[in-house]
Protein chains: 2
Amino acid sequence: MNDRMTPAVRMTGHSQRGQCAKRMSILDAAADVFCRQGFAAASIDEIAAVACVSRQTIYNHYREKETLFVAVVEDVMNRANAMLFSVLSAFPDNADNLEDDLTAFVIRLNKNCICNHDGKFLRKLVQTEGERYPHLFESWRQHGPGKLTTALSALLARLAQKGALVIDDFDVAARQFVALSNADLQMMTLFGGTPTDAELEKAARNAVRTFLRAYGRPAAEKFGAEPRLTALSG
Amino acid sequence: MNDRMTPAVRMTGHSQRGQCAKRMSILDAAADVFCRQGFAAASIDEIAAVACVSRQTIYNHYREKETLFVAVVEDVMNRANAMLFSVLSAFPDNADNLEDDLTAFVIRLNKNCICNHDGKFLRKLVQTEGERYPHLFESWRQHGPGKLTTALSALLARLAQKGALVIDDFDVAARQFVALSNADLQMMTLFGGTPTDAELEKAARNAVRTFLRAYGRPAAEKFGAEPRLTALSG
DNA sequence: GACGTTTTAGACAATGGCGCCTAGTTTTAC
DNA sequence: GTAAAACTAGGCGCCATTGTCTAAAACGTC
């Protein structure tokens with residue numbers, strides 16, 4: 001009977017320690033089962049078993065299966081959104097060592113936003129249940145990839161203004177930057193596999209090198225020129 | 001005992017014309033419902049209704065739900081595979097007008113292999129049910145994207161040998177070519193939307209332009225030079 | 001027109017999940 | 001220490017679905 005007493009994942013330790021822990025445990029378990037089975041095939045009993053919680057407790061916190069589902073999606077989306085914001089705030093602002101800085105950024109982006117658990121969960125769920133929940137799809141689109149490309153567009157524009165890049169259409173460049181960043185990993189990420197650090201770095205380096213070949217400074221300045229040639233622009 | 005009179009795949013239209021039509025009708029309807037609902041949520045009754053066929057007929061042709069599912073996947077995969085082969089066979093072999101030829105190729109690739117009904121169906125299904133049917137995922141990977149990047153790698157190498165491209169790693173370039181081709185469309189394709197011809201052409205042009213900026217002839221020849229400067233290479 | 005095959009419509013049991021309820025136990029608050 | 005709240009285990013009714021079965025009807029062939 002008591003297969004596992006695993007007391008969930010984390011708890012704050014104050015007053016509603018138990019309740020809060022239960023809630024998080026349920027959310028995590030539900031995310032796991034929903035992601036693996038899809039909404040229809042996921043059973044409340046299995047979620048309860050994974051969460052080490054009685055079925056009634058789930059119905060106590062979330063009125064019905066659908067309520068639990070949207071709560072799970074909201075929870076994961078909030079986490080993913082915060083992480084994306086955090087990663088974006090570290091986009092390189094400096095034209096020195098642009099290739100290395102961009103590579104490091106792509107590594108962080110892939111590792112923490114796209115190839116991580118939440119990112120895969122959201123993509124899979126949107127593709128699986130997006131038809132049944134259009135608002136879910138729209139919300140994911142605006143908060144996830146939409147925000148990413150919009151923000152990247154502005155960040156690339158800043159770099160272009162400093163003379164580090166030559167870009168005609170910032171939105172296109174942003175989408176291509178994301179596409180290149182995932183070119184080597186999307187096959188692996190699509191299904192279970194998680195890339196190793198070596199694979200992450202290789203993928204990022206390939207992506208940034210090609211991106212800079214296309215959008216970097218023209219060849220005349222690129223070869224042997226110091227980055228400070230057009231200094232005052234920043 | 002006479003479970004199967006099915007004489008393989010197609011017939012000239014004599015005796016069992018009706019049977020073949022029923023089979024195809026069932027396959028099409030099942031593909032539609034499986035794609036929209038997923039395997040678990042798809043009901044045989046709905047498939048029968050969409051196919052305008054009695055439920056018993058489905059159980060007559062396919063022993064159980066699972067049998068029908070794998071038949072559907074095989075069918076769609078065969079179609080998609082044939083289409084991919086057809087599109088790949090039209091990859092530009094000539095270095096003249098490379099940008100236009102590549103753009104036309106990308107348009108065909110997106111239109112007939114990636115943004116079309118079968119392509120979306122397979123991607124969605126692999127992501128939805130790949131965990132339950134690993135062989136399905138593996139088969140799709142090898143026959144679909146795997147074959148695409150492998151073939152593209154060889155085709156790009158041929159162009160590089162003619163001096164039209166400068167590529168260090170053909171596999172990476174092939175993956176990036178595919179990634180760039182879908183950069184503008186994947187958000188639209190991920191869910192219902194089908195891109196218009198104008199969107200298809202714009203996406204292809206953006207992709208090819210960036211790809212050629214990165215892998216095209218070096219800048220010294222690129223700027224203002226006629227493509228015939230090194231004529232004998234073609 | 002007779003015959004065999006296929007399809008149809010509906011009924012059928014079996015299964016399993018959802019959502020509710022209750023009785024009993026544990027945890028938390030005061 | 002006690003009362004309230006939350007949790008557990010299990011049972012229950014309801015409903016949808018799967019897969020089988022049967023009798024009637026449609027189809028094509030001779």
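Predicted model only: the values in this text are computed from it and were never measured. By convention in this document, chain letters (A, B, ...) are assigned in the order of the sequence lines, proteins followed by strands, and residues within each chain are numbered from 1. When reading the values below, keep in mind they use all heavy atoms of this one structure, side chains included, and skip hydrogens, waters and symmetry mates.
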Check: Run the side-chain contact (heavy atoms from CB on, under 4.5 Å) check on B:Leu68 and B:Phe34 step by step: do they pass?
Finding: CA-CA 10 Å; B:Leu68 173 61; B:Phe34 277 139; 4.2 Å; yes
Margin query: Run the side-chain hydrogen bond (donor to acceptor under 3.5 Å, both in side chains) test on A:Asn94 and A:Asp101 for me, step by step, so that the C-alpha distance in whole Å, both residues' side-chain angles and the decisive distance to 0.1 Å come before the verdict.
Written below: CA-CA 9 Å; A:Asn94 203 319; A:Asp101 290 349; over 6 Å; no
Checklist line | Candidate pair B:Arg205 and B:Asp100, rule salt bridge (charged side-chain N to carboxylate O under 4.0 Å, His left out), full reasoning | finding: CA-CA 8 Å; B:Arg205 204 154 281 286; B:Asp100 289 342; 3.7 Å; yes
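Residues A:Tyr133 and A:Phe69 bring their aromatic ring centres within 6.0 Å.
When rounded to the nearest whole Å, the span between NZ of A:Lys22 and C1' of D:dA6 equals 9 Å. Atoms CD (B:Glu66) and P (D:dT17) sit 19 Å apart, rounded to a whole Å. Between the CZ atom of A:Arg63 and the P atom of C:dG19 there is a distance of 11 Å, rounded to whole Å. Atoms CG (B:Asp45) and C1' (D:dC15) sit 14 Å apart, rounded to a whole Å. Between the NZ atom of B:Lys65 and the C1' atom of D:dT20 there is a distance of 17 Å, rounded to whole Å. Atom-to-atom, NE2 of A:His61 to C1' of D:dT8 comes out at 13 Å; the value is rounded to the nearest Å. Between the CD1 atom of B:Ile26 and the C1' atom of C:dT6 there is a distance of 12 Å, given to the nearest Å. To the nearest angstrom, P of C:dT26 lies 19 Å from CG of A:Asn60.
Shown for residues 31-44 of chain B: residues whose heavy atoms fall under 4.0 angstrom of DNA chain D, namely B:Ala42, B:Ser43, B:Ile44. For DNA chain D, the neighbouring residues in residues 48-59 of chain B, judged by any heavy atom under 4.0 Å, are B:Arg55, B:Gln56, B:Tyr59.
Around the CZ atom of B:Arg158, the shell of radius 6.0 Å holds more than 12 heavy atoms that belong to other residues, nucleotides or ligands.
For the atom pair CG (B:Leu200) and CG (B:Asp184), the distance works out to 10.5 Å, reported to the nearest 0.5 Å.
In this structure, B:Asp171 does not pair ionically with B:Arg175, as no charged nitrogen and carboxylate oxygen lie closer than 4.0 Å.
Direction change of the helix axis from one end of the helix from C:dG1-D:dC30 to C:dC30-D:dG1 to the other is 30°, with five pairs defining each end axis (rounded to 10°).
A donor-acceptor pair under 3.5 Å is absent between the side-chain atoms of A:Ser139 and the main chain of A:Leu136, judged by distance alone. For the pair B:Glu131 (side chain) and A:Cys35 (backbone), a donor-acceptor distance under 3.5 Å is absent. Under the 3.5 Å distance criterion, the side-chain polar atoms of A:Thr67 are left unmatched by any main-chain donor or acceptor of A:Tyr62.
Taking the six-membered ring where tryptophan is involved, the planes of A:Phe211 and A:Phe177 are perpendicular, since the angle between them exceeds 60° and thus also 30°.
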